[in-house]
Amino acid sequence: MRFDATGKVTLDHIYTQPDPRAYFSVLRPLGYCVPQLAKPYFTKLIEEYAQTRRVAVPKVLDIGCSYGVNAALLKYDATMDELYARYGGEENQEPGRGTTRQALLARDRELSLSRRPARDIRFTGLDTSAGALAYALEAGFLDDAVNADLERNEPTAHQRAQFAGTDLVISTGCLGYVTERTLTRVVRAQDGHRPWMAHFVLRMFPFDPVEQALAGLGYRTVRVDGVFKQRRFASPEEQSLVLEKMSAVGVDPRGLETDGWMYAQLYLSRPADEQAPGPHEPNREQL
C-alpha cells in the first residue's frame with residue numbers, strides 16, 4: 001500500500017480507468033459516502049441560486065468530478081448505494097450485464113434518459129483524467145467536460161469559454177490537492193461574473209489559503225456547522241499518517257478521525273456584496 005505526501009493511501013489508479021467499476025469496487029468497502037451527504041446541501045443551494053438570480057437552468061461546475069458522480073446524484077436523483085450496486089456489486093455481476101464498457105454505457109444512457117430531477121441542471125466536469133471525463137460525457141451525466149490541470153496551467157481560450165457563465169462551483173474532496181490556484185483561474189475565466197461555491201474539504205487540509213484567495217476576488221466564506229463522513233481509513237498506517245498530518249496543522253482528531261473515519265467540512269462562498277450565505281441546513285431526514 002502506497003501513500004502520498006499528505007499521508008493518504010494512493011488511489012490514483014481508480015480515477016484513470018475507462019469505466020467506473022474500479023472506482024466503486026475500491027471505495028465501497030471504505031464506505032465512501034460524502035457525495036450522498038453533500039447531495040441535499042447542493043440541491044438546496046442550486047434551488048436558492050436559481051430563485052435569487054432568476055436562472056432557469058443553473059450551470060454547475062464540478063471540480064474533480066471523476067466519473068460524474070455528483071452529476072448522477074443531482075441530475076438523475078441516483079444514490080451512492082445505487083451506483084455501488086451498478087458498478088461494484090450485485091447488478092454488475094448479473095450474467096450478460098455490465099461486462100463491457102459499452103454495456104455499462106448503454107445502461108447509464110437509459111438512466112439519464114429515463115429520469116429527470118425537479119429542476120433542470122447543466123453540469124460541466126473539470127478533471128485531469130481524460131478517461132473518467134469521457135465516460136461521464138458518454139453516459140450523459142455531464143453536459144460538458146474540461147480536461148485540464150489548472151494547478152499548473154492557465155485555461156486555454158476554449159476552456160475559458162467552457163467555464164463562462166458558471167453559476168455554481170462545487171467539489172467533494174479534491175480541495176487539498178486542488179488549491180486556490182484552480183479556483184482563482186475558474187473565477188477569472190468568468191469575465192466579472194462570480195459564481196457561488198460549495199466545497200466539502202477534509203479536515204486535514206486547511207481552507208485558509210482558499211478563503212483568503214477568494215476574499216481577494218470579492219467573496220465571503222462561511223463554514224457550515226458540523227462535519228461529514230468521507231470514508232473509512234484504508235489501513236491503520238493511513239490513519240496514523242493522517243493523524244500526524246492533522247496534528248501538524250493544529251486540528252484535533254479526537255472523537256472523529258481517531259474513531260476510524262475521515263471527516264470533511266463544508267465551506268460556502270458567495271460574492272461579499274450579496275446576502276451573506278447562511279448554513280443551508282437541509283432537512284436531516286434527507287441525509
Side-chain angles (χ1 to χ4, degrees), residues 11-40 42-43 46 56-148 158-159 161-163 166 168 170-174 231 286:
L11 298 175
D12 293 350
H13 67 287
I14 70 173
Y15 299 100
T16 57
Q17 302 301 312
D19 65 62
R21 282 176 286 189
Y23 176 94
F24 284 99
S25 296
V26 169
L27 291 178
R28 188 178 199 179
L30 301 179
Y32 178 69
C33 58
V34 72
Q36 186 67 44
L37 299 180
K39 179 179 177 180
F42 289 156
T43 298
I46 289 168
V57 184
K59 178 178 176 180
V60 179
L61 174 65
D62 186 5
I63 298 180
C65 68
S66 67
Y67 297 93
V69 175
N70 286 323
L73 267 60
L74 291 164
K75 287 179 66 177
Y76 305 118
D77 201 28
T79 67
M80 287 298 289
D81 284 345
E82 179 182 4
L83 297 182
Y84 279 129
R86 198 175 191 84
Y87 304 112
E90 50 270 20
E91 280 192 37
N92 198 43
Q93 304 305 317
E94 293 178 17
R97 297 193 67 189
T99 56
T100 67
R101 182 178 185 274
Q102 289 307 311
L104 288 173
L105 280 170
R107 193 174 62 184
D108 286 342
R109 292 192 195 101
E110 291 177 8
L111 173 70
S112 63
L113 291 172
S114 64
R115 296 188 191 178
R116 286 291 181 271
R119 171 168 294 285
D120 288 333
I121 316 167
R122 284 189 56 82
F123 255 87
T124 298
L126 169 62
D127 207 284
T128 58
S129 172
L133 287 172
Y135 187 92
L137 269 176
E138 289 184 61
F141 298 157
L142 296 179
D143 300 289
D144 199 3
V146 181
N147 182 208
H158 176 66
Q159 290 164 351
Q162 290 176 287
F163 291 139
T166 295
L168 297 109
I170 66 171
S171 67
T172 49
C174 68
R231 66 166 171 84
Q286 300 178 54

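- Between Ala22 and Ile14 the shortest heavy-atom distance is O-CG2, 3.9 Å.
- Atom CZ of Phe24 is separated from atom OH of Tyr32 by 8.5 Å, given to the nearest 0.5 angstrom.
- When atom types are taken as modelled, the side chain of Arg122 and the backbone of Pro58 share no donor-acceptor pair closer than 3.5 angstrom.
- The backbone N or O of Pro18 sits less than 3.5 Å from a side-chain atom of Arg101, completing a donor-acceptor pair.
- Residues Pro35 and Val69 share a closest heavy-atom pair of CB-CG1, 4.1 Å.
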For side chain to side chain contact (heavy atoms under 4.5 Å, CB included), just list the numbers for Leu142 and Cys65, CA-CA rounded to whole Å, side-chain angles, deciding distance to a tenth of an Å, and then say yes or no. CA-CA 9 Å; Leu142 296 179; Cys65 68; 4.0 Å; yes

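- Side chain of Ser112 to backbone of Ala139: a donor-acceptor contact under 3.5 angstrom is found.
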Begin from the C-alpha positions of Arg231 and Val34 and carry the test side chain to side chain contact (heavy atoms under 4.5 Å, CB included) through to its verdict. CA-CA 8 Å; Arg231 66 166 171 84; Val34 72; over 6 Å; no

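- Residues Pro20 and Tyr87 approach most closely at CG-CE2, 3.9 Å, considering heavy atoms.
- For the pair Leu168 and Thr166, the tightest heavy-atom approach, listed with the atom from each and the gap, is O-CG2, 3.4 Å.
- Every residue was checked against the side chain to side chain contact (heavy atoms under 4.5 Å, CB included) condition with Ala161, not counting sequence neighbours, and none meets it.
- Listed by first and then second residue, the side-chain hydrogen bond (donor to acceptor under 3.5 Å, both in side chains) pairs that reach into residues 124-136 are Asp108-Tyr135, sequence neighbours excluded.
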Please step through side chain to side chain contact (heavy atoms under 4.5 Å, CB included) for the pair Val57 and Ile121, ending with a clear verdict. CA-CA 5 Å; Val57 184; Ile121 316 167; 5.6 Å; no

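- For the atom pair Asp144 CG and Phe163 CZ, the distance stands at 9.5 Å (nearest 0.5 Å).
- Scored by the side chain to side chain contact (heavy atoms under 4.5 Å, CB included) test, Tyr15 finds Leu11, Tyr23, Ser66 as partners (sequence neighbours excluded).
- Surrounding NE2 of His158 are at most 12 heavy atoms belonging to other residues, nucleotides or ligands under 6.0 Å away.
- In this structure, the side chains of Arg86 and Leu104 stay at 4.5 Å or more apart for every pair of heavy atoms.
- Listed by chain and residue number, Glu82 satisfy the side-chain hydrogen bond (donor to acceptor under 3.5 Å, both in side chains) test with Arg115 (two or more places apart in sequence, or in another chain).
- Separating the CD atom in Gln102 from the CZ atom in Arg107 is a distance of 13.5 Å, to the nearest 0.5 Å.
- Under the salt bridge (Lys or Arg N to Asp or Glu O under 4.0 Å) criterion, the residue pairs touching residues 63-79 are Lys39-Asp77, Lys75-Asp143, with sequence neighbours excluded.
- Identified under the salt bridge (Lys or Arg N to Asp or Glu O under 4.0 Å) test for residues 59-72, with sequence neighbours left out: none.
- Distance CG/Leu83 to CG/Leu27: 11.5 Å, rounded to 0.5 Å.
- Closest approach of Phe123 to Leu74, counting heavy atoms only: CZ-CD1, 3.6 Å.
- Rounding to the nearest 0.5 Å gives a distance of 8.5 Å between CD1 of Ile170 and CG of Leu61.
- Taking OH of Tyr76 as the start and CG of Leu111 as the end, the distance is 7.5 Å to the nearest 0.5 Å.
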